[in-house]
Amino acid sequence: MGMLILNGSKSQSLGEKIAIGLGLNFENVSTRKFPDGETYVRIDTDVKGRDVIIVQTMFPDQNDALMEFLLIADTLKDMEVNSIIGVVPYLAYGRQDRKFQPGESLSMKTVAELMKAVGVNKLITVDTHYQHVKPGKFNFFGIPCVNVSAGKILLEHIKGGIGPDLMTIGPDFGSSEMIKYATGEEMVLKKEKKCPICGLPATQCKCKIKKKKYEITEVESKYNFSGKNVVILDDIIASGGTMIKAVKKIKSEGAKKVIATATHGLFMKDSLIQLKELTDYLVVTDTISTPVSNVSVAPLIVEALRTS
Ligand code: R5P
């Protein structure tokens, strides 16, 4: 018996596309909730000695999604599979990848340690925020990991609809690796941070307050957007604050069309509505299922599984 794909409850549609791309059998794992909210998982396939791929993204409800992934992997380990590959298109806790202040949890490391403990041999993810790693292979706290980037396929999709004449920019420094990989250039906007006490830019302030306390007031740009079709590309739209500020700035500088795009659309609060109203086009991938997930990362994941 060959390799098998098991989809967690968060990635059934994407998992099916990946299975079709690889020509493999797939199954959706039986999962449900106990009345008190705890997760139940059952695998009723013969998996002994097989190589199994678990497809499970980690949003919405990051903790539930992670717990379900861990229960599936640990059950597979108990059932004596040969190997486990985790395909986690959106890897939750990627933003708590450093201790920003003493005493904070290094959440990303905890997630990796848990995955190791339940027998995950390899991980495939998409545009992880973890340390802004470049696309390609990296060591995820001891687990061999491949990070694929959706920047190029998002831009191809947009070019197909809007036309080839596009200027692509990142909304802040955090997107620079992704922009560089997608376009070969490193064009990003700069956030200007001001001190909430003296009102001076962070670079001139003498109040010596904690870095995180500076307020982002302005988006700076040295580029000319006038009359251009501008694509703003990022890894994540979470609260939407970063993208909304960038869209407003670029529109105010006379761009013809403004397109907002990102790999992962978390769209907290009303940011999806706001961004749809503010932009000429808004698109994200299906690492997380949203009403604007019009680009699939399945071919990228299939390629990574085939070649890594
Ligand atoms: C920052 O480094 C990231 O690339 C994103 O720009 C950021 O995480 C987006 O977050 P939000 O939507 O909450 O502004």
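First listed ligand is number 1; within each ligand, the first listed atom is number 1.
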If you measure from each heavy atom of Gly240 to ligand 1, is any distance below 4.0 Å? yes
Which residue in the set Val29, Leu4, Ile84 passes side-chain contact (heavy atoms from CB on, under 4.5 Å) when paired with Leu76? Ile84
Under 3.5 Å between some N or O of ligand 1 and some N or O of Ala238? yes
Pair Asp127, Thr263: side-chain N/O donor-acceptor within cut-off below 3.5 Å: yes
Between Asn147 and Thr125, do the side chains contain a donor N or O and an acceptor N or O under 3.5 Å apart? no
With a cutoff of 4.0 Å, is His132 in contact with ligand 1, counting heavy atoms of the residue only? yes
Distance from atom 2 (O) of ligand 1 to nearest protein heavy atom, with residue and atom: His129 CE1, 3.3 Å
Mind checking whether Thr242 contacts ligand 1 via backbone (N, CA, C, O), side chain (CB onward), both or neither, at a 4.0 Å heavy-atom cut-off? both
Can you tell me if Thr110 and Ser107 form a side-chain donor-acceptor pair at under 3.5 Å? no
Could you walk me through whether Phe138 and Tyr130 pass ring-ring contact (aromatic ring centres under 6.0 Å, His included), step by step? CA-CA 11 Å; Phe138 71 101; Tyr130 168 68; 5.7 Å; yes
Proximity flag Arg95 to ligand 1, non-hydrogen atoms under 4.0 Å: yes
Quick one: nearest non-hydrogen protein atom to atom 4 (O) of ligand 1, plus distance? Asp235 OD1, 2.7 Å
Nearest-neighbour protein heavy atom for atom 6 (O) of ligand 1, which is reported as residue plus atom name and distance: Asp234 OD2, 2.5 Å
the protein heavy atom lying closest to atom 11 (P) of ligand 1 turns out to be Ser239 OG, 3.4 Å
Exceeds 12 heavy-atom contacts within 6.0 angstrom, atom NZ of Lys99: yes
Show which atoms of ligand 1 fall inside a sub-4.0 Å distance from at least one heavy-atom site of Ile236. 5 (C), 9 (C)
Partner residues of Thr183 under the side chain to side chain donor-acceptor pair (under 3.5 Å) criterion, sequence neighbours left out: none
Under a 4.0 Å heavy-atom limit, does Leu266 contact ligand 1 with its side chain, its backbone, both, or neither? neither
Ile237 neighbourhood, listing ligand 1 atoms whose heavy-atom distance to it stays under 4.0 Å: 12 (O)
So Ile124 and Val88, do their side chains get closer than 4.5 Å, heavy atoms only? no
